[in-house]
Amino acid sequence: MLDEKGNFFIIEAILAISLLLFVFVIFNHVIFTENSDYSTVIKDSNNAQDIMEILSGKINFTDGTFVEDITLIMKNGKNSKESIEEVSQMCKNKFSSLNIKNYQFSETNVLNNKVLSSSGDYSNANNVSVAIRTCYEYSYTLSVW
């Protein structure tokens with residue numbers, strides 16, 4: 001009889017440990033399973049931020065940025081029609097070289113929400129990601145969808 005009680009005790013212990021291990025695995029699976037809804041939102045919100053980083057980033061300290069270059073053109077041209085057209089053409093060339101299809105790039109402070117360059121239909125846009133950068137008194141907004 002003593003042997004039978006010992007065998008049952010070992011079997012019960014193994015079952016209890018297995019049950020605890022199973023609960024632990026299920027708990028970890030629930031915690032660490034990715035939710036696809038969150039990952040797409042983060043991916044979309046980084047689009048405009050990543051592009052704006054490219055436009056406002058420097059390779060080294062002696063380089064100018066794209067945002068700084070267009071700001072200086074408009075500032076030196078005193079926001080004339082010619083300087084805005086030159087900047088608009090530069091923006092179109094830059095965004096086409098970056099292979100961006102649906103975007104709107106505008107200046108929101110000095111030029112009162114003047115769209116400098118755009119592509120695609122903004123009125124039907126879904127999942128618009130927006131990034132803003134400021135250079136001197138000019139504030140640029142990039143919307144990508």
Side-chain angles (χ1 to χ4, degrees), residues 1-76 79 83-145:
M1 284 219 120
L2 291 176
D3 289 336
E4 290 178 14
K5 286 183 181 177
N7 288 337
F8 287 129
F9 180 73
I10 291 172
I11 292 171
E12 285 179 358
I14 291 172
L15 286 174
I17 291 172
S18 299
L19 182 62
L20 284 174
L21 182 62
F22 181 72
V23 169
F24 181 72
V25 168
I26 295 295
F27 181 73
N28 279 335
H29 180 70
V30 168
I31 289 177
F32 293 113
T33 301
E34 291 184 23
N35 187 343
S36 63
D37 294 338
Y38 293 125
S39 62
T40 58
V41 170
I42 291 171
K43 178 182 175 283
D44 290 342
S45 69
N46 285 337
N47 267 350
Q49 294 293 338
D50 293 342
I51 295 166
M52 199 58 113
E53 275 299 316
I54 292 169
L55 298 177
S56 61
K58 291 184 179 185
I59 295 174
N60 61 38
F61 293 113
T62 60
D63 288 343
T65 66
F66 178 78
V67 171
E68 188 176 23
D69 292 343
I70 63 174
T71 300
L72 291 175
I73 290 171
M74 287 192 294
K75 193 172 187 177
N76 293 337
N79 301 323
S83 65
I84 293 172
E85 286 176 4
E86 180 183 352
V87 166
S88 293
Q89 189 58 45
M90 287 176 64
C91 292
K92 287 178 186 175
N93 294 340
K94 186 66 168 181
F95 288 114
S96 69
S97 73
L98 294 173
N99 211 12
I100 301 167
K101 304 282 186 235
N102 298 315
Y103 70 91
Q104 182 174 346
F105 187 70
S106 58
E107 198 290 322
T108 56
N109 190 30
V110 176
L111 302 177
N112 297 323
N113 295 324
K114 172 78 174 160
V115 176
L116 299 174
S117 180
S118 68
S119 176
D121 187 13
Y122 188 74
S123 62
N124 294 328
N126 286 336
N127 296 328
V128 178
S129 63
V130 178
I132 299 171
R133 293 293 185 279
T134 302
C135 185
Y136 301 109
E137 66 271 7
Y138 294 84
S139 181
Y140 300 99
T141 301
L142 174 64
S143 302
V144 179
W145 61 94

- Query: What distance do Asp69 atom CG and Cys135 atom SG have between them, rounded to the nearest 0.5 Å?
  - Reply: 9.0 Å
- Item | Partner set under ring pair (Phe, Tyr, Trp, His ring centres under 6.0 Å) for Tyr122, not counting sequence neighbours | Trp145
- Message: Distance check, rounded to the nearest 0.5 Å: Thr71 atom OG1 versus Tyr140 atom OH?
- Response: 2.5 Å
- Message: Please check: side-chain N/O of Glu107 versus main-chain N/O of Ser139, any donor-acceptor pairing under 3.5 Å?
- Response: yes
- Check: Ser117 main-chain N/O paired with Ser88 side-chain donor or acceptor under 3.5 Å: no
- Item | Worked verdict on Phe22 versus Ile26 for side-chain contact (heavy atoms from CB on, under 4.5 Å) | CA-CA 6 Å; Phe22 181 72; Ile26 295 295; 4.0 Å; yes
- Message: To the closest 0.5 Å, what do you measure between CG (Leu142) and CG (Asn47)?
- Response: 9.5 Å
- Item | Where at least one partner belongs to residues 118-145, residue pairs that pass salt bridge (charged side-chain N to carboxylate O under 4.0 Å, His left out), sequence neighbours excluded | Glu53-Arg133, Lys75-Glu137
- Spacing of CG belonging to Leu98 relative to CD1 belonging to Ile51, to within rounding of 0.5 Å: 7.0 Å
- Give the C-alpha distance, both sets of side-chain angles, the deciding distance and a yes or no for side-chain contact (heavy atoms from CB on, under 4.5 Å) between Leu55 and Thr65. CA-CA 6 Å; Leu55 298 177; Thr65 66; over 6 Å; no
- Heavy-atom pair of closest approach, residues Ser143 and Val128: CB-CG1, 3.8 Å
- Atom pair CG (Leu111) and CD1 (Ile84), whose distance is rounded to the nearest 0.5 Å: 4.5 Å
- Task: Find the distance between CD1 (Ile132) and OG (Ser106) and round it off to the nearest 0.5 Å.
- Result: 9.0 Å
- Item | Nearest non-hydrogen partners of Glu68 and Gly64, listed with the distance | OE1-CA, 3.6 Å
- Output, in order, the C-alpha distance, side-chain angles, deciding distance and verdict of side-chain contact (heavy atoms from CB on, under 4.5 Å) for Tyr136 and Leu72. CA-CA 9 Å; Tyr136 301 109; Leu72 291 175; 3.9 Å; yes
- Can you check side-chain contact (heavy atoms from CB on, under 4.5 Å) on Lys92 and Phe105, steps first, answer last? CA-CA 9 Å; Lys92 287 178 186 175; Phe105 187 70; over 6 Å; no
- Can you name the residues that form a side-chain contact (heavy atoms from CB on, under 4.5 Å) with Ile73, not counting sequence neighbours? Ser83, Glu86, Val87, Met90
- Query: Have Asn79 and Tyr138 got a donor and an acceptor in their side chains that come within less than 3.5 Å?
  - Reply: yes
